[in-house]
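Residue numbering restarts at 1 for every chain, and letters A, B, ... go by the order of the sequence lines.
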Number of protein chains: 2
Amino acid sequence: MPKSEVSSPSKRDEILDAAERMIRMGGYNGFSTRDIAAAVGIKAASVHYHFPTKAGIGAAVIERYTQRFLEELGDPTNFKGAKKAIAHYVGAFRRALARDGKVCLCGVLGAEIGGLPADVGAGTQIFFEKNLEWLKNALAASGGLSEAKALSRATLMLAALEGALILSKSLGNDVVFERISEGPLKMVLD
Amino acid sequence: MPKSEVSSPSKRDEILDAAERMIRMGGYNGFSTRDIAAAVGIKAASVHYHFPTKAGIGAAVIERYTQRFLEELGDPTNFKGAKKAIAHYVGAFRRALARDGKVCLCGVLGAEIGGLPADVGAGTQIFFEKNLEWLKNALAASGGLSEAKALSRATLMLAALEGALILSKSLGNDVVFERISEGPLKMVLD
DNA sequence: GTCTATAATTTGATAGAC
DNA sequence: GTCTATCAAATTATAGAC
């Protein structure tokens, strides 16, 4: 196989998987490189072979998460009506909760952004900017809204969804997320 | 003066002030007791005189924050119309951002709840429950909504406000919060 | 109430053998 | 790639003097 990878892709991905899980559970400062090592069955020194610094792990986790999230969203101009676009976007967040039982990675990181390495904080900001851009385009394209109005509603949606995940986790039930995604969010349409 | 306080109220409060500020900036695991000590001009050992454990500081910060927040909210059944009730509630969050330049304490803690001491996590949950209760009562009393509908909209509002503060902080501007509180939130009314 | 001193553990990271 | 061994620094917390 043609290779440009520096290290074993598999173990590297396992490290990122474990780190993502731990950040989404307890934040960036809530775990150590030793925790990561134990989770993937190696020693801390070996983790540092794959990623020289912990901040590097964080930055890589965000980059991968952002890319996957946008991939799953697809083309924002491809929906028949704003309702379908919104349902699609809400679905991405619902799956993050249902599939992983966890909050959005960047919701966690955004909350503690003042205590993050610069790279990690910057990646978090980019995630939000790209999501607002996607939502704004989706609402403008399929909802026939002005740019300003679309942006305003995109912001409301993103904020509500991030907040709903945090509330759900804190209150210990998924009912909370459904309370906001069933009905009320449709009011964003008008 | 009649005293039942164990330690100097002033220094104790300074410690809680510093801890609250730091949690709201970078999360519970983003600062140390030495950081607190430096902020209030004493040594770490003296911090432990006032609060034996760091978790104790966290729990005390939440308790005080929750009490103040509910005090500022007042009686949920005292508003002439749901619009006034909502404006009042949104105002409390806006002031938290404008006055302190910071996110809601429990928005941060809720995001990293899996990495918190049990007491601190429990306090966070209570804050959310009491806020949902207040909002539900306010919307039911002044909006003439059913309990179920009032709870659903209360959840949407709380989620949107918590999320908006996190987004604002992450994107580095207060415009984000205003984008959601001006207009769009009124759609929660119907 | 605050200090110095210190204990016990954890943390992020490196050196060098295999 | 992974290990053992180790480091320097940081962290929570305690003991005991003032």
Side-chain angles (χ1 to χ4, degrees), chain A residues 1 3-23 25-62 109 112 114-121, chain B residues 1 3-23 25-62 109 112 114-121:
Chain A
M1 346 93 167
K3 276 290 66 193
S4 61
E5 286 297 1
V6 172
S7 59
S8 162
S10 166
K11 214 46 152 182
R12 201 190 120 109
D13 284 352
E14 280 182 62
I15 289 170
L16 294 182
D17 290 344
E20 180 182 324
R21 199 178 347 110
M22 289 176 187
I23 294 174
M25 199 160 59
Y28 177 82
N29 292 308
F31 70 96
S32 70
T33 52
R34 274 175 170 79
D35 294 330
I36 300 282
V40 306
I42 57 178
K43 296 294 176 182
S46 304
V47 172
H48 283 287
Y49 164 79
H50 294 280
F51 297 94
T53 67
K54 185 187 174 186
I57 299 178
V61 166
I62 296 187
L109 293 173
E112 59 176 352
L116 299 179
D119 291 20
V120 181
Chain B
M1 344 97 165
K3 276 289 72 196
S4 60
E5 285 298 0
V6 171
S7 61
S8 161
S10 166
K11 215 45 154 180
R12 202 190 118 104
D13 284 352
E14 279 183 63
I15 289 170
L16 294 182
D17 289 345
E20 179 181 325
R21 199 177 347 108
M22 289 177 189
I23 294 174
M25 199 159 60
Y28 177 82
N29 292 309
F31 71 96
S32 71
T33 52
R34 271 175 170 77
D35 294 331
I36 300 282
V40 306
I42 57 178
K43 296 295 174 181
S46 304
V47 172
H48 284 285
Y49 164 80
H50 294 279
F51 296 94
T53 67
K54 186 187 172 185
I57 299 178
V61 166
I62 296 187
L109 293 173
E112 59 175 351
L116 300 179
D119 292 20
V120 181

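As rounded to whole Å, 12 Å separates atom C1' of C/dC3 from atom NE2 of B/His50. At whole-Å resolution of the value, CG in B/Leu116 and P in D/dT12 are 14 Å apart. As rounded to whole Å, 5 Å separates atom P of C/dT4 from atom NZ of B/Lys43. Atom CE in B/Met22 sits about 11 Å away from atom P in D/dT11, given to the nearest Å. Atom C1' of nucleotide D/dT2 and atom CD of A/Glu14 are separated by 14 Å, given to the nearest angstrom. Rounded to whole Å, atom P of C/dT10 lies 15 Å from atom CG of B/Asn29.
Atom CG in B/Asn29 sits 11.0 Å away from atom CZ in A/Phe31 (nearest 0.5 Å).
Side-chain atoms of A/Phe51 and A/Thr33, non-hydrogen and from C-beta on, never get closer than 4.5 Å to each other.
B/Tyr28 contributes no side-chain N or O that, together with a main-chain N or O of A/Gly30, makes up a donor-acceptor pair within less than 3.5 Å.
Annotation for B/Ala44 and B/Arg34: closest pair CB-CG, 3.8 Å, computed over non-hydrogen atoms.
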Contact state string [nucleotides 12-18 of chain C, B base, S sugar-phosphate only, - no protein heavy atom under 4.0 Å]: BBBB---
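With sequence neighbours excluded, the residues forming a salt bridge (charged side-chain N to carboxylate O under 4.0 Å, His left out) with A/Asp17 are A/Arg64, listed by chain and number.
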Candidate pair A/Ser10 and A/Asp13, rule side-chain contact (heavy atoms from CB on, under 4.5 Å), full reasoning: CA-CA 5 Å; A/Ser10 166; A/Asp13 284 352; 6.0 Å; no
